[in-house]
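One structure below.
Counting starts at 1 for both ligands and their atoms, in listed order. Position 1 is the first residue of the sequence, and the numbers go up from there. Keep in mind it's a predicted model, so treat the numbers as computed, not measured.
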Amino acid sequence: MSQVTLSNAVKRYGAVEVLHGIDLEIAANKLTVLLGPSGCGKSTLLRMIAGLEDISDGDLRIGDRLVNDVDPSRRGCAMVFQNYALYPHQTVFKNMAFPLKMKGTPKSEIELKVRETAKVLELEPLLDRLPRDLSGGQRQRVAMGRAMIRNPEVFLFDEPLSNLDAELRVKMRLEIARLQKELGATMIFVTHDQVEAMTLADQVVIMNGGHVQQVGAPLDIYNHPANRFVAGFIGSPSMNFLPFESVRNAENAAVVRLEGGLEIALDRVVPDTARTLGVRPEHVSVGGRNLTIPEDQFTTLGAEHLGDRAYHYVRLPFGDITILQAEGQALPQTGALSLGLNADRVHFFDADGLALGQASDQTTGTT
Ligand SMILES: Nc1ncnc2c1ncn2[C@@H]1O[C@H](COP(=O)(O)OP(=O)(O)OP(=O)(O)O)[C@@H](O)[C@H]1O
Ligand SMILES: [Mg+2]
């Protein structure tokens, strides 16, 4: 299986540039997820790798081979789409056999390969059915089988699970992860669903506006987002962003004065160029001593109870924040609201939205 390398890859439609010089290494034998909001260029990038779109500028390599001008059928990629694209009048067997038949593979070998693949995907009992007599998940597996049977160097998936209901999506997610491990395949999986990305990926590529924002393992990205976009995009509900006016640093401690005048005391220094503090709902606790909000300076906007936990939405002078509480724990009904912020879990961003050193890799000295 091969790695996929893009160097300064650009895509233009006429005068409109939609991918702006992508530099990216997609690891061999791993599952890489391209994640980003609608319109950020995920499908375009995938289609460029498949050869369904040409590359306006830059280089694309699969393994060591420059494939910019190589015909899609010769790139060793197999693509699975959101809408499965099965042949409606052909049985599961024939749908799966199709790529091999096109290649002129002998009948006995086709028979063997289809049965082998159907076994892995648990499709053996369904080989004689037509696609319309299958469930969504079964159709999706047939589409995957048709990709697998070609023994491609790279599997490309464009939102393959988005037509499935929630339960089936979880099941298919596990199925794809299992298959990837079993086949040791290079897989590139496009989604705008962060849960899918976090649970499936060895490596996540976060995209926005035709740019790569960050590449990393799911937890690395959650723990160390490179910029404000990534910080806000990964995690649900989103990270809270608190803009501030000034900082007073002391040795291993700082006081951050928020817009509106409230102050946060932290057991760490704050980088000089920081302008915004970021903290996830799950890293704010009620009853801490970092930020005390007088009774007349906050209002409770509402709460969402999910069973095991609840999200409380609170309006402060500088904006809204979300707090995660274990189920059953409410916010104080009267008096001040005291919040704890885990200093190691607080993020800082400069005026351009770039993340600055965290407590653990702090380089900025005290002032
Ligand atoms: N044929 C085309 N001509 C002009 N612009 C296009 C064309 N195809 C795509 N685009 C534009 O390129 C950008 C990226 O589109 P793309 O389909 O790659 O987004 P995406 O990240 O896959 O989004 P989604 O999550 O909605 O599928 C969009 O702004 C889209 O409008
Ligand atoms: Mg798309």
Side-chain angles (χ1 to χ4, degrees), residues 4-26 31-60 62 67-69 71-72 75 77-86 136 139-140 143-144 147 152 154-166 168-169 172-173 176 186-201 203-216 218 221 225-236 238:
V4 176
T5 315
L6 292 129
S7 317
N8 195 25
V10 172
K11 180 65 191 179
R12 284 181 218 101
Y13 291 108
V16 184
E17 191 172 293
V18 298
L19 290 175
H20 316 288
I22 304 280
D23 287 310
L24 186 59
E25 265 190 28
I26 291 168
L31 202 158
T32 296
V33 172
L34 306 181
L35 175 68
S38 184
C40 72
K42 305 177 296 290
S43 295
T44 305
L45 188 57
L46 201 71
R47 292 168 61 81
M48 272 168 42
I49 295 170
L52 302 173
E53 300 276 356
D54 31 277
I55 300 171
S56 312
D57 235 320
D59 287 341
L60 167 65
I62 298 178
V67 296
N68 284 34
D69 301 316
D71 192 73
R75 290 193 185 194
C77 296
M79 190 145 166
V80 180
F81 298 91
Q82 176 179 346
N83 57 7
Y84 325 130
L86 299 177
R139 273 179 226 167
Q140 189 53 268
M144 278 173 47
V154 182
F155 286 88
L156 306 172
F157 295 95
D158 195 351
E159 311 232 15
L161 309 184
S162 52
N163 282 347
L164 307 179
D165 67 37
L168 198 52
R169 226 165 28 220
M172 287 306 293
R173 207 156 75 204
I176 290 178
T186 306
M187 289 188 176
I188 309 177
F189 188 104
V190 162
T191 182
H192 59 262
D193 178 339
Q194 59 160 302
V195 175
E196 230 162 76
M198 295 298 280
T199 51
L200 262 179
Q203 180 186 42
V204 184
V205 177
I206 310 238
M207 297 179 64
N208 190 33
H211 292 280
V212 170
Q213 299 286 326
Q214 188 170 1
V215 181
I221 290 183
N227 58 44
R228 207 176 137 152
F229 172 79
V230 174
F233 193 73
I234 292 288
S236 176
S238 279

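Looking at atom 13 (C) of ligand 1, its nearest protein heavy atom turns out to be Gly39 O, 3.6 Å. Of the protein's non-hydrogen atoms, Tyr13 CE2, 3.4 Å is the one closest to atom 1 (N) of ligand 1. For atom 25 (O) of ligand 1, the nearest non-hydrogen atom of the protein is Lys42 NZ, 2.8 Å. The protein heavy atom nearest to atom 12 (O) of ligand 1 is Val18 CG1, 3.2 Å.
Nearest heavy atoms, Lys11 versus Asp54: NZ-O, 2.8 Å. Ile22 and Gly210 make their closest contact through CD1-O, 3.6 Å (heavy atoms, listed as atom of the first residue, atom of the second, distance). For the residue pair Arg12 and Ser56, the shortest heavy atom distance occurs at N-OG, 2.7 Å. What you find for Gln194 and Phe233 is that their closest heavy atoms are NE2-O, 3.3 Å.
Using modelled atom types, no side-chain atom of His192 and backbone atom of Lys42 make a donor-acceptor pair closer than 3.5 Å.
Which of Gly41, Pro37, Ser43 comes nearest to atom 22 (O) of ligand 1 through a heavy atom is settled by distance: it is Ser43. Taking only non-hydrogen atoms, the option from Gly14, Ser38, Gly209 nearest to atom 26 (O) of ligand 1 is Ser38.
The Mg ion (ligand 2) has no N, O or S atom of Ser38 inside 2.8 Å of it.
Of all the atoms in ligand 1, the ones that sit under 4.0 Å from a non-hydrogen atom of Cys40 are 19 (O), 21 (O). Near Glu159, meaning under 4.0 Å from one of its heavy atoms, ligand 1 places the atoms 25 (O).
For the side-chain contact (heavy atoms from CB on, under 4.5 Å) with Arg75, the lone residue among Val4, Leu60, Ile49, Leu156 that qualifies is Leu60.
The protein does not reach atom 30 (C) of ligand 1 closely, with no heavy atom under 4.0 angstrom from it. For atom 3 (N) of ligand 1, the protein comes within 4.0 Å by at least one heavy atom.
Atom-to-atom distance recorded for Met48:CE and Ile55:CD1 is 4.5 Å, nearest 0.5 angstrom. Taking CD1 of Ile176 as the reference point, atom CD of Glu196 lies at 7.5 Å (rounded to 0.5 Å).
When heavy-atom distances to ligand 1 are checked against a 4.0 Å cut-off, Thr44 comes that close through both its backbone and its side chain.
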